[in-house]
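The structure appears below as C-alpha cells.
Every chain is numbered from 1, with letters handed out A, B, ... down the list of sequences. Atoms considered below: every heavy atom in the structure, side chains included; atoms not considered: hydrogens, waters and symmetry mates.
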Protein chains: 2
Amino acid sequence: MARVTIQQVAAAAGVSPSSVSNYLNGRTNRMVPATRERIASAIADLGYRPNRAARQLRTGQTQTIGLIVPSVGNPFWGAFARELEVAALAAGCNVLLCNSERDPERERRYVEELWEDGVRGVVLCTSLPSLDHLADLIDRGLRLVTFDRPAQADDPASVVSISINNHVGGFIATSHLTDLGHKKLAFVSGSIASINRTGRFRGFCTALEAVDLDPATMPMWTGMEEVPFGDVESAQVGRRAALDLFDGTQEPPTGVVAINDMTALGFCRGLRDRGLEVGVDVSVVGFDDIILADLYDPPLTTVRQPIARMAGLAITEVLKDPSESEDGRSVLLRPELVVRQSTSAVEGAAATESVEESVEGKQALTRAEQR
Amino acid sequence: MARVTIQQVAAAAGVSPSSVSNYLNGRTNRMVPATRERIASAIADLGYRPNRAARQLRTGQTQTIGLIVPSVGNPFWGAFARELEVAALAAGCNVLLCNSERDPERERRYVEELWEDGVRGVVLCTSLPSLDHLADLIDRGLRLVTFDRPAQADDPASVVSISINNHVGGFIATSHLTDLGHKKLAFVSGSIASINRTGRFRGFCTALEAVDLDPATMPMWTGMEEVPFGDVESAQVGRRAALDLFDGTQEPPTGVVAINDMTALGFCRGLRDRGLEVGVDVSVVGFDDIILADLYDPPLTTVRQPIARMAGLAITEVLKDPSESEDGRSVLLRPELVVRQSTSAVEGAAATESVEESVEGKQALTRAEQR
DNA sequence: TTGGTCTGGTGTAACGATGCACCAAGGTAC
DNA sequence: GTACCTTGGTGCATCGTTACACCAGACCAA
C-alpha cells in the first residue's frame with residue numbers, strides 16, 4: 001500500500017531526488033559510477049517503481065499507446081491487437097483498446113480522448129479515405145500511425161501509414177485463379193468506399209487485364225449498400241453475395257476473390273446453402289489469413305498479411321521522435337499468397353503458364369508494386 | 001495544444017478553483033444554482049476537460065479498467081474484449097488490454113503493474129485454479145473480477161467471479177448427443193488443469209450417468225500434455241485429438257464434446273483429414289458460440305456463453321464500491337445450447353425422449369445447477 | 001593570482017486537480 | 001447582545017516527478 005517515492009530512494013542512497021530522477025531518465029553521463037551504483041541498489045532494495053501519474057503530469061507524456069480497431073470481435077483485428085500488444089510490451093508500453101465500430105464519429109471521439117489523456121501515439125486501423133476529421137489534432141502534434149490504410153495524397157505530412165500493397169494483393173489473388181483456368185471471376189465486398197477495398201479491386205482488374213479478360217464482363221455483385229461497414233456483418237455480406245450470385249438469374253462465377261477472410265467464409269457458407277462445394281464447384285480466395293482460414297473446411301486459400309511484422313513497425317513508428325522521422329513515411333509491405341484447398345483448376349483447363357511468371361504479368365505486377 | 005485548466009475555468013466563471021472542483025465532483029449541494037450555472041457554461045465555453053494525470057496523482061484513481069485475457073487473438077476473447085469495452089464506455093471508463101498468454105507469471109506481472117498504475121479494477125480472464133499469486137495485491141485492496149472462472153472455496157473474499165455454469169454447460173452439450181442416440185462419446189480438451197475444463201468434464205460425466213452410461217468406458221484422449229495452455233494452439237489440440245481417436249487402434253466415438261469452439265473446429269479439421277464427415281459420420285458439439293461457429297461448414301452445434309451480459313456484469317461489479325458489494329459474490333449464468341448441423345442422430349437410433357426432459361435428467365441437471 | 005572550464009551534483013518551482021479546514025455573512029434562539 | 005448554526009464558498013498544502021538553473025570544488029592555463 002505504502003508507495004515508495006523518489007525521495008525515499010534518494011534518502012537511502014544519500015543523494016538528492018534530482019539525482020535519482022537523472023538516473024531514472026538516463027542522464028547518467030554526469031554521474032560518478034559509485035553514485036550510480038548506490039542509486040541502483042537503493043531502488044532495488046526498496047522496490048521502487050516510478051509513479052506514472054506524477055510522471056505524466058510533469059512531462060505530459062504516457063507510456064500508453066492507443067489502438068483503435070474497427071472491432072476486436074473480428075479475428076483479424078483480434079490477432080493484430082495481440083501482436084501490437086506484444087510489440088508494445090517489448091518497448092515498455094501499454095495498449096489502450098478502442099473499438100470504433102467503423103463509425104467516423106466514434107473514431108474522432110476516441111482519438112481526441114486519447115490525445116487528451118496524453119498517449120504517446122495512436123495506431124489507427126481505419127479505411128476511411130480521408131483523415132480530415134482528425135486534421136486539427138494532427139496539426140496540434142498528435143503522433144498518428146494508420147494501419148491497413150495506405151497513405152493518401154492529401155494526408156497530413158506527419159502521418160505514417162503501414163499497410164500491405166493492396167493492389168498487389170488483389171493481383172496475386174486474382175492471378176492465382178486465372179492461372180487455374182478460371183475465366184468468370186467475381187470480386188466480393190460490401191462497399192468499396194474504403195481504401196483497401198479500392199486497392200484490392202484495382203489489383204483484381206489489373207490481373208484480369210493481364211490475361212485479356214475484361215473486368216466489365218465479370219459477374220457483379222453490389223448489394224447490401226445499406227450495410228456499408230461493420231465487421232461482424234462482413235460474413236453476412238459474403239453469404240448474401242453467394243446467394244445472390246448463384247440465384248440462377250445470371251451466369252455465375254467459377255472463381256471468387258473476397259475482400260477478406262470473414263467475407264470469404266461467409267461466401268463459402270452461402271455456397272453451401274446453394275448446395276455447391278467450395279474448392280470443387282467454385283474456387284474462393286480470401287484475404288488476411290486469419291487463424292480460421294486454415295481451420296476451415298476446406299482450408300481457405302488466402303492472401304496473408306504479415307501482421308506481426310506490421311505491428312512491430314507500427315510500434316517503432318509511433319514511438320519515434322517526430323523530428324527524426326521522415327514525414328509522410330508510408331510503408332507498403334508485400335502480401336503473400338497462401339494456397340490451400342478452397343481453390344482448384346477449372347475442369348478441363350490445360351495447365352497454363354503462371355501469369356505471375358509471364359512477361360505481361362510481370363509487367364503488370366511491377367506497375368502495381370510501384371503505386 | 002494549450003490545455004484549459006481548472007484555474008482558467010474558475011476565472012471565467014468568477015469563482016475559485018475549489019468551487020469548480022466541487023462542481024466537477026458532484027459536491028454541488030452546497031452551491032447556489034446561479035453559481036452552478038456560471039461554472040457549467042464556463043466549462044462549455046472553454047471546452048475544458050479535466051487532466052486525468054493530475055486527477056489521478058491527487059486521488060490515486062483512474063477511470064481505466066484493466067482487462068487480462070489469455071489472448072485477444074482467440075476470437076472468443078476478442079469478442080469478449082469488445083463487449084467489455086462497450087460496457088466500460090457506457091460507464092465512462094477505458095479498457096487497458098493485456099494478453100497473459102495463459103502464463104501465470106505474466107498474469108501476475110500485469111496485475112501488479114495495473115494495480116500500481118491505479119486502475120479502478122481488473123477483469124481477469126483466467127482458468128487457474130488458484131489466485132494465490134495475486135493474494136497480496138487483493139489483500140492490499142485490488143478490485144478483482146474473474147471471468148470464466150467460477151469462484152473457488154479458498155478464493156479471497158473480495159473477489160467476484162462471473163462465469164457460466166460449466167457443469168450445466170457440459171451436461172446440456174452431452175445430453176444433446178445422448179438424446180440423438182450416441183453411446184460412444186469423447187470429451188476433447190488439451191489439459192484439464194483449468195477450472196472451466198473440470199466443470200465441463202463433470203457435466204459430461206453427469207450427463208452420461210443420467211442415461212446409465214459409464215464415463216470410464218468412453219474413448220479417452222489425453223495427449224499433448226506438453227502444450228497444456230495456449231489459445232491459438234487449442235485448434236491444434238482438437239485436430240490432433242481427432243487424428244489420434246480415429247487412428248484405427250480403438251473403437252472411435254460417434255459423438256464428441258469439445259472444450260471450446262476452437263478445439264471443436266480443429267477437431268472437425270482432423271476428422272476431415274481422416275476422410276470423415278462432420279455431422280454425418282461424427283457429431284461434434286463445441287463451446288462458446290464464437291462467430292465462426294455459425295459460419296463453419298457444417299455450422300457448429302455449440303453451447304453459447306452470453307458474453308454481452310457477462311461483460312456488463314463484469315463492469316458493474318468492478319466499479320462497485322467495495323463497501324456496498326457483498327463479499328465473495330459469484331455469478332453463475334446458465335449457458336444455452338445452440339443446435340446447428342454438426343450433430344445428427346446416430347444411424348438407426350430411435351428417437352429418444354430428451355434426457356433433459358426426463359425425470360433422471362431433470363434431477364441430474366438440478367444437482368448440477370446447484371453447484 | 002585571476003579567470004575560465006569542467007565535473008558531479010543539488011534546489012526548487014512547477015505540472016493540474018483535490019478536499020480539508022477555514023471563513024464571512026446572515027439567520028435564529030434565548 | 002451574545003452564542004451558535006447554516007449557507008455558500010475559498011485558501012492552500014499536497015500528490016510524486018521532472019528539468020532548468022545554479023553551485024561548490026577541482027583543475028588548468030596564462
Selected nucleotide, minimal atom distance to [X] side chain, candidates [options]:
X: B:S19; options: D:dT17, C:dT18, D:dT10; result: D:dT10
X: A:T5; options: D:dG16, C:dT10, D:dT18; result: D:dG16
X: A:N51; options: D:dG16, D:dG9, C:dA17; result: D:dG16
X: B:A54; options: C:dG16, C:dT18, D:dT18; result: C:dG16
X: A:V15; options: D:dT10, C:dT10, D:dT17; result: C:dT10
X: B:R3; options: C:dG19, C:dG9, C:dG16; result: C:dG16
X: A:R58; options: C:dT10, C:dA13, C:dG16; result: C:dA13
X: A:M31; options: C:dT10, D:dT18, C:dG9; result: C:dG9
X: B:L57; options: D:dT17, C:dG16, C:dT18; result: C:dG16
X: A:R55; options: D:dT18, D:dG9, D:dA19; result: D:dT18

To the nearest 0.5 Å, what is the distance between CG (B:L67) and CG (B:N94)? 12.5 Å
[X] [atom1] - [N] [atom2] separation (whole Å):
X: B:N29; N: D:dT6; atom1: CG; atom2: P; answer: 14 Å
X: B:E116; N: D:dT17; atom1: CD; atom2: P; answer: 11 Å
X: A:I6; N: C:dT12; atom1: CD1; atom2: P; answer: 17 Å
X: B:N22; N: D:dG11; atom1: CG; atom2: C1'; answer: 13 Å
X: A:R38; N: C:dG8; atom1: CZ; atom2: C1'; answer: 12 Å
X: B:L24; N: C:dG19; atom1: CG; atom2: P; answer: 11 Å
X: A:Y23; N: D:dA19; atom1: OH; atom2: C1'; answer: 19 Å
X: A:R27; N: D:dT17; atom1: CZ; atom2: P; answer: 14 Å

Testing B:R120, B:R55, B:R52, B:Q56 for side-chain hydrogen bond (donor to acceptor under 3.5 Å, both in side chains) with B:Q63, which one passes? B:R120
Below 4.0 angstrom, N of the basic side chain to O of the carboxylate: do [X] and [Y] qualify?
X: B:R140; Y: B:E112; value: no
X: A:R108; Y: A:D136; value: yes
X: A:E101; Y: B:R82; value: yes

D:dG8 phosphate, OP1 or OP2, under 4.0 Å from B:T35 side-chain N/O: no
Using a heavy-atom cut-off of under 4.0 Å over every strand shown, decide if [X] touches base, sugar-phosphate, or nothing.
X: B:N25; answer: sugar-phosphate
X: B:V20; answer: nothing
X: A:Q7; answer: base

Is there a donor and acceptor pair, one atom on the side chain of A:S18 and one on the base of C:dG11, closer than 3.5 Å? yes
Where do B:E85 and B:V95 come nearest, in terms of heavy atoms and distance? CA-CG2, 3.9 Å
